[in-house]
Novice: 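Take this structure first; my questions come after.
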Amino acid sequence: MKGWLAVWSDARQPHRDDDAMKATALLIVCSCLISGSFGKPQFPEQEKEPKFWNTWAQRTLKNALTLETLNRNTAKNLILFLGDGMGVPTVTAARILKGQLNGQSGEETQLEMDKFPFVSLAKTYNTNAQVPDSAGTATAYLCGVKANEGTVGVSAAAVRSQCNTTEGNEVTSILKWAKEAGKSVGIVTTTRVNHATPSASYAHSVDRDWYSDNEMPADALKDGCKDIARQLFENIPNIDVVMGGGRKYMFPKNTSDVEYPGVAKHSGTRKDGRNLVQEWIDKMRNKRGHYVWNKKQLLSLNPTSVDYLLGLFEPADLPYNLERNTETDPSLTEMVEVAIKILRKNPKGFYLLVEGGRIDHGHHEGKAKQALHETVEMDRAIGQASLMTSIHDTMTIVTADHSHVFNFGGYTVRGNTIFGLAPMMSDVDQKPFTSIIYGNGPGYKLVNGGRENVSTVDYQDSNYQAQAAVPLSMETHGGEDVAVFAKGPLAHLLHGVHEQNYIPHVMAYAACIGQNREHCFTSSGSAVLRPVLSSMATLLTVTRILC
């Protein structure tokens with residue numbers, strides 16, 4: 001296939017007439033035929049043998065049979081990985097990308113989440129929306145209650161932006177249930193720590209955009225509603241680990257940012273004059289609490305001597321992983337590793353929410369390359385967490401809040417770069433097209449009254465906006481079900497198709513926290529769920545499931 005890709009590369013001219021277009025098409029076809037005539041396989045030679053596929057299937061079958069002995073242990077630890085906007089097409093495309101980054105064709109690659117033994121689907125609609133947003137969905141999978149779009153930590157009786165509908169409609173999250181049970185709790189995100197997903201863990205707000213009091217209307221402040229940044233520090237005392245972006249919402253208005261001094265858009269936003277970071281530092285001064293704002297500070301910490309950690313690495317969201325300054329900005333994987341090292345010191349275990357939040361942003365901007373690299377980075381973090389925990393006593397769930405109108409197709413051949421062209425031209429406008437495409441978004445462009453010829457632009461660029469069918473300044477969410485991957489104690493309770501709000505109930509049931517703990521004890525008070533296995537049994541379980 002290198003032949004026809006080279007033709008495209010050489011043929012990138014801004015304008016061409018119909019004859020030139022037809023000639024180019026002929027060259028592509030001939031190139032494909034020539035490359036095929038050399039007999040070079042488009043897939044590994046071993047895949048020609050039925051034995052290869054039969055052996056693989058039998059190995060998978062044997063692993064599946066081990067799941068007959070269900071893990072009914074109590075979950076000491078709970079980890080929820082949330083890929084914001086990570087629909088099934090995103091998972092598949094990220095799998096291919098991961099393989100191609102490792103020199104493989106990609107399709108046969110396994111993501112870390114692919115190794116989880118149980119998979120189900122979650123219905124993502126909000127109570128008032130067929131296609132949901134990240135706030136209403138976060139309330140569902142964190143608080144166990146479906147809610148209206150744009151609201152966090154409140155039931156559907158609350159109305160977006162109407163402060164007076166907050167009181168009495170607050171709902172609590174599994175993070176709070178875990179904290180009340182004596183577990184350590186943490187939040188790690190690549191967005192602002194007061195963005196929609198993390199805020200549903202601790203806040204009760206009828207508007208997801210009330211990041212600080214600066215973004216709130218006067219009447220809401222007058223009626224006593226609190227901004228989300230303030231709620232982070234006041235609603236659930238002593239959240240053990242908080243890492244992400246959002247610095248500017250914690251400082252008084254016009255306070256210069258420590259990393260970007262003099263850049264107005266990064267300065268503090270708070271009108272109440274409060275310095276929430278300094279307040280936190282003062283409060284934690286004698287509690288082994290540490291505040292960090294860059295990678296060097298984070299990685300220089302000794303987790304054994306840290307009980308509380310606040311890490312705010314950007315004024316707003318963290319940069320895309322492809323654009324991250326690896327000297328100053330921590331990766332999601334690095335943040336997760338530090339978080340687990342701190343949280344796991346608690347003998348009662350921990351709850352950790354990890355959000356790959358910028359998957360969503362990449363899709364909204366039509367930048368598929370950014371979105372997919374964000375997904376691959378979250379998968380690395382999943383792998384890191386797996387290395388640091390045991391499938392025996394840690395329930396880990398990976399899911400998404402919603403999907404996007406993102407997909408890929410065009411009859412691409414095996415191993416075609418996921419960001420590449422389809423091996424054909426449109427039989428309608430006789431122009432090439434990329435495999436990746438969006439249903440709507442900023443990638444819709446007209447040139448001389450027709451669809452843009454993608455061979456005239458660098459469609460491999462990190463910020464290339466893939467073509468879209470409908471013009472919008474921002475691409476929209478999708479409404480289909482999302483995958484839920486689960487492993488660990490009672491992971492088999494996630495099966496089939498569920499409402500999204502079912503997820504925290506399963507996690508709480510597995511950990512014996514929250515509202516239904518009767519199953520954890522007999523009438524005499526002894527534990528019902530199985531005790532911990534020996535370390536050897538744990539090793540064997542992990543080997544059977546993951547290998």
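Only this structure's heavy atoms are used, side chains among them; waters, hydrogens and symmetry mates stay out.
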Novice: Do the charged groups of Arg247 and Glu259 touch, with an N to O distance under 4.0 Å?
Specialist: yes
Novice: Verify the ring-centre separation between Tyr438 and His363: is it less than 6.0 angstrom?
Specialist: yes
Novice: Between the side chains of Lys179 and Asp240, is the shortest nitrogen-to-carboxylate-oxygen separation below 4.0 Å, so that they form an ion pair?
Specialist: yes
Novice: Which residues satisfy the side chain to side chain contact (heavy atoms under 4.5 Å, CB included) test with Ile281, sequence neighbours excluded?
Specialist: Val277, Gln278, Arg285, Tyr291
Novice: Are any of the side-chain nitrogens in Glu234 or Lys226 under 4.0 Å away from the carboxylate oxygens of its partner?
Specialist: yes
Novice: Would you say the side chains of Glu475 and His404 form a donor-acceptor pair under 3.5 Å?
Specialist: yes
Novice: If you measure from the Lys or Arg side-chain nitrogens to the Asp or Glu carboxylate oxygens, is any gap between Arg192 and Asp317 under 4.0 Å?
Specialist: yes
Novice: State, without any angle test, whether Thr124 and Thr137 hold a side-chain donor-acceptor pair at a distance under 3.5 Å.
Specialist: no
Novice: With no hydrogens and no angle check, just 3.5 Å: does a side-chain donor-acceptor pair link Ser267 and Asn254?
Specialist: no
Novice: Please check if any side-chain donor atom of Ser134 sits under 3.5 Å from a side-chain acceptor atom of His402, or the reverse.
Specialist: yes
Novice: Please tell me whether Glu323 and Ser462 have a donor and an acceptor in their side chains that are separated by less than 3.5 angstrom.
Specialist: no
Novice: Do Asp84 and Arg358 meet the salt-bridge criterion of a basic N to acidic O distance under 4.0 Å?
Specialist: no
Novice: Any Lys/Arg nitrogen of Arg160 or Asp209 sitting under 4.0 Å from an Asp/Glu carboxylate oxygen of the other?
Specialist: yes
Novice: Check this for me, if you would: do Lys341 and Glu337 make a salt bridge, where the nitrogen-to-carboxylate-oxygen distance has to be below 4.0 angstrom?
Specialist: yes
Novice: Below 4.0 angstrom, N of the basic side chain to O of the carboxylate: do Arg95 and Asp114 qualify?
Specialist: yes
Novice: When rounded to the nearest 0.5 angstrom, what is the spacing between OG1 in Thr269 and CG in Asn214?
Specialist: 5.0 Å
